[in-house]
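Here the structure is laid out as structure tokens; the discussion comes afterwards.
Numbers for residues simply follow the sequence, beginning at 1.
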Amino acid sequence: MTSNNIENYKDTEKRLTLLHDKEWVATINLLKNFHYDDKFDYSVSYREGKQRKDRTFTFHSVLHVEETHSFIFTSYESDWESGEITKDVKNKLTLKDIEIIIVNQREKPNFDYFFI
């Protein structure tokens, strides 16, 4: 067995275990059907590879790559005047599904009252 086969076996074993976790399954389904709503900020909590600490990545779009059981998260630059998202990519992150812990959705604060 090559090291790649061993890694694939370990990934499959972990995926099968995670399929019994309802919260993880709900998170993966949410990402597969993700639609951005500009009223919210989105981030994904994850643990990549053999890292010991959870990390967080803020994103605006996500692409599911079924063949590799992975997700590509993308964050975009914001226009400094309007605050609207531009098409300029700020950061990208590719994660295996088994590295994802949860998706966080937080309502954006409303700063309109500062400009009255």
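- A donor-acceptor pair is defined here as one N or O able to donate and one able to accept, closer than 3.5 Å; such a pair exists between the side chain of D21 and the backbone of W24.
- Minimum interatomic distance between I98 and D11 (heavy atoms only, all atoms of both residues): CD1-OD1, 3.3 Å.
- The NZ atom of K22 sits 14.0 Å away from the OG1 atom of T27 when rounded to the nearest 0.5 Å.
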Would Y76 and S61 count as a side chain to side chain contact (heavy atoms under 4.5 Å, CB included) here? Give the steps. CA-CA 9 Å; Y76 298 94; S61 70; 3.3 Å; yes
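- The closest side-chain heavy-atom distance from L31 to Y42 is not below 4.5 Å.
- One finds the CZ atom of R106 at 5.0 Å from the CG atom of D41 (value rounded to the nearest 0.5 Å).
- F59 places none of its side-chain heavy atoms less than 4.5 Å from the side chain of L93.
- Formation of a donor-acceptor pair under 3.5 Å by the K39 side chain with backbone atoms of K108 is not found in this model.
- Minimum interatomic distance between T86 and S78 (heavy atoms only, all atoms of both residues): CG2-C, 4.2 Å.
- Expressed to the nearest 0.5 Å, how far CG of L30 lies from CD of Q105 amounts to 7.0 Å.
- Smallest separation of non-hydrogen atoms from S70 and T68: OG-OG1, 2.6 Å.
- Using a 4.5 Å heavy-atom cutoff, the side chains of F34 and V103 are not in contact.
- Under the 4.5 Å side-chain criterion, counting only non-hydrogen atoms from C-beta, V62 is not in contact with I72.
- Side-chain polar atoms of N104 and T56 form no donor-acceptor pair below 3.5 angstrom.
- The heavy-atom pair separating D97 from F71 by the smallest distance is CB-CE1, 3.9 Å.
- When all heavy atoms of Q51 and Y46 are compared, the closest pair comes out as OE1-CE1, 4.5 Å.
- When hydrophobic clusters are built by joining Ile, Leu, Val, Met, Phe, Trp and Tyr residues whose side-chain heavy atoms come closer than 4.5 Å, directly or via intermediates, V89 is grouped together with I85.
- Cluster membership check: V25 shares its hydrophobic cluster with L16, using side-chain heavy-atom separations under 4.5 Å among Ile, Leu, Val, Met, Phe, Trp and Tyr.
- No side-chain heavy atom of K96 sits under 4.5 Å from any side-chain heavy atom of H69.
- A salt bridge is absent between R55 and E99; no separation between the charged side-chain nitrogens and carboxylate oxygens falls under 4.0 Å.
- With a 4.5 Å cut-off on side-chain heavy atoms, H60 and T74 do not count as touching.
- Side-chain contact between I100 and V44 is present, with at least one heavy-atom pair separated by less than 4.5 Å.
- Atoms CD and CG, on E13 and N8 in that order, are 12.5 Å from each other to the nearest 0.5 Å.
- Counting heavy-atom neighbours within 6.0 Å of K10 NZ, excluding the residue itself, gives a total of 12 or less.
- Counting heavy atoms from C-beta outward, N91 and F73 have side chains that stay 4.5 Å or more apart.
- T58 approaches S75 most closely through the heavy-atom pair O-CB, 3.3 Å.
- Summarising the geometry, atom NZ belonging to K14 is positioned 12.5 Å from atom CG belonging to L19; distances are rounded to the nearest 0.5 Å.
- In terms of modelled atom types and a separation under 3.5 Å, the side chain of N33 and the main chain of N29 share a donor-acceptor contact.
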